[in-house]
Q: 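Let me begin by handing over the structure; questions about it come next.
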Amino acid sequence: MSLESNASCRIFRAPWLIPVSAAPLQNGAVVVESGRIRAVGDADSLCRRYPAAPVTPLPGVILPALVNAHIHLDLSVLGPVPLPSETASMCDWVAALLRKRMEAEHTDLEIQAAAEKTVMQQYASGVGLLLDIGNVSLAPFPASSVEVISLLELLGPSKKAEEAAVDLIQGMPSESAVTGHAPYSTTPELLRFIKERSRKGGSIFSIHLAENRDEGALLLRGEGCFAEFLRQRNAFDGTFPLSGIDSSGVVGYLQQAGLLDDKTVCVHCVHLTENEARILSESQAHVCLCPGSNRFLSVGVADVEMLLRKSILPALGTDSIASNPQLSMWDEMALLRSEHPDVPAAIVLEMATLAGARALQRDDAFGSLAEGRTARCIHVRNAQCERACDEEELLDKLTASGQPASVEWLPV
Ligand SMILES: [Zn+2]
């Protein structure tokens, strides 16, 4: 064994360490230098290999920061927006959300302050990276907490709205990243325009997809609650049903429109056929599931087992507080475990960490404990985890119990 004499290294050890990219280690440690992980392994071995490095023993479990792959920070100011009635559709909820936003007339300062508070709450819960989709441009968040990737979301369900959105985008600086809202709210031409811009700028393209069955009814037949929603707002101009493109499946439509590649993140994906999951898998597009929001809006439960069978490891997102009052990645994991008891706990933790980091193209730093990754990782305590006698029990308790009693950041 070669001894490492670099005195700028520090060692953090704990009863358990979960690298995510490898099996959990009992009595594990990370060696950290200049904000990066230099080594991961058995604590005693690393202490012998780095004899000059100060050692900090930590209680509980060391693991990578969580990655929230879908949130709308600009909606934080609204708080939860309940479904208007027990029989209300998702479209009724969207209408209630828009009404609340219009009536509240929040100022930019109020929107920013609420968004910052949410970012700090996400940080306190152990989230290190998140993808924020917003309808307004927010000021940058403090670099010392969560790394926030921001995309300005545009929509345009009619030719007129499409032209306005294109004008707006063309007036924006090239470094401002934009994305499209959903197939039911955005013309194919606008989605293609935005995706092409994202491709040129190397940014992520995120789109809400298959959250509700009426999405397909609008694209294929111009029917369903979204059609009614657009008619009521004088935005139903013949764009839907789509013509000149096979819209018999919403995923097939996105594929034909050239929107699917490894920088596309498809959010929700509740109503997918086997064939649609295969198309997503072959295109290398990423999937982000939002179990808490789906339950709140009663839109159904994504078929996680089918996605895994198609070699898709979905990321997880909370969505906004408007459709998810908990806004906790720990609760997302726990809900997913309860809805899919056959999905192993290790896979669920991987969804909340590494899959999100991959979807956001940041797995070089986030999502796992490995050499070269960021040292901004967390250590958590909950009594059940500390009593865990093996890695299976540890992962089970960690993912099924909601937010641990204590979530701390590695003091680097
Ligand atoms: Zn969303």
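Just so you know, these numbers come straight off a predicted model, no measurement behind them. Every number for a ligand or one of its atoms is a count from 1 in the order of the listing.
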Q: Would you tabulate the side-chain donor-acceptor contacts of residues 11-24 under 3.5 Å, counting partners in other chains and residues two or more places apart, or write 'none'?
A:
{"unit_1": "Arg13", "atom_1": "NH1", "unit_2": "Asp44", "atom_2": "OD1", "d": "3.3"}
{"unit_1": "Arg13", "atom_1": "NH2", "unit_2": "Asp44", "atom_2": "OD1", "d": "3.1"}

Q: Would Arg233 count as a cation-pi partner of Phe229, with NZ or CZ less than 6.0 Å from the six-membered ring centre and within 45° of the ring normal?
A: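 So Arg233 does make the cation-pi contact.
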Q: Which pairs of donor and acceptor atoms, one on a side chain in residues 322-330, lie under 3.5 Å apart (sequence neighbours left out)?
A:
{"unit_1": "Ser323", "atom_1": "OG", "unit_2": "Ser293", "atom_2": "OG", "d": "2.8"}
{"unit_1": "Asn324", "atom_1": "OD1", "unit_2": "Gln326", "atom_2": "N", "d": "3.4"}
{"unit_1": "Asn324", "atom_1": "ND2", "unit_2": "Thr318", "atom_2": "O", "d": "2.9"}
{"unit_1": "Asn324", "atom_1": "ND2", "unit_2": "Glu332", "atom_2": "OE2", "d": "2.6"}
{"unit_1": "Ser328", "atom_1": "OG", "unit_2": "Trp330", "atom_2": "N", "d": "3.1"}
{"unit_1": "Ser328", "atom_1": "OG", "unit_2": "Asp331", "atom_2": "N", "d": "3.1"}
{"unit_1": "Trp330", "atom_1": "NE1", "unit_2": "Ser125", "atom_2": "O", "d": "2.7"}

Q: I need the protein N, O or S atoms closer than 2.8 Å to the Zn ion (ligand 1), given as residue plus atom name.
A: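 The answer is His70 NE2, His72 NE2, His208 NE2, Asp319 OD1.
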Q: Check whether more than 12 heavy atoms from other residues, nucleotides or ligands sit under 6.0 Å from atom NZ of Lys100, and answer yes or no.
A: yes
Q: Quick one: CG on Leu78 to NE2 on His72, what's the gap to the nearest 0.5 Å?
A: 11.5 Å
Q: Hey, could you give me each pair passing ring pair (Phe, Tyr, Trp, His ring centres under 6.0 Å) that has a residue in residues 114-153? Not counting sequence neighbours.
A: Tyr123-Trp409
